[in-house]
Amino acid sequence: MAKTVLMFAIAALVLFSIGVWLATAGPTGNAGEEVLMVVIVLLLVGFALFKGIQRVRSLERKEPFEDELSKKTMTKSSSLLLHLPLSLAFHHVHQRSVNPGDAHIDRGRDRLYGAHISGKLALGQNGWAEK
Amino acid sequence: MNNRIRELRAKHDLSQLELAQKVGVRRETIVFLEKGTYNPSLRLAHAVARVFNQTIEEIFIFGDDN
């Protein structure tokens, strides 16, 4: 029961984060960056759908929807995904220190938030699945 | 590390899904185990050995490099 509540809380937080991200990101004026943002959202939705379908199939087969292999895979994915926003954050800090006052650097924040949401999603799901 | 899971499963007339259900894992995990691309935990190795009524060493074969 506690795990289910936690899962819904994480899902609500992720959806809220995506909502805030999409509402505040705004047009960047760069088609490439906007395509990247849409791809990140599509990947998130696709990943959630994939995991959902996988769980329903496992339920139909009367097998557990999480086991040691899937947890290991999820842990690896989570740690890889965590590197993405961290690397972007360091890059952002570095660029700001090298070019203080350069306005276009701030646009990188949108990508940073998007990548961070991906990492949080995977980490949250992994944390919930962990026994 | 090699293993005899596929051979023993055939001998006991068990499908991958049936074995997965007996040891409490997903079918995909049995697929990866049989391919030798995943090394199981001691708990899972023990569960598999119990299903086939054998010891872990009889099912999972460690090479010299291990």
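Below, read A as the first sequence line, B as the second, and so on, with proteins coming before strands; counting in each chain starts at 1. No hydrogens, no waters, no symmetry mates; every other heavy atom, side chains included, goes into these values. None of the values given here were measured: they were computed from a predicted structure.
Remark: B/R6 pairs with no residue by the side-chain hydrogen bond (donor to acceptor under 3.5 Å, both in side chains) rule, at least two apart or across chains.
Residues of residues 37-53 of chain B that come closer than 4.5 Å to chain A, counting heavy atoms only, are B/Y38, B/P40, B/S41, B/L44, ordered by residue number. Chain A is approached within less than 4.5 Å, heavy atom to heavy atom, by B/G24, B/V25, B/R26, B/R27, B/E28, B/T29, B/F32 from residues 23-35 of chain B, ordered by number. The stretch residues 7-14 of chain B places none of its residues near chain A, where near means some heavy atom under 4.5 Å from a heavy atom of that chain.
Under the 4.5 Å side-chain heavy-atom criterion for Ile, Leu, Val, Met, Phe, Trp and Tyr, B/I56 and B/I59 are members of the same hydrophobic cluster.
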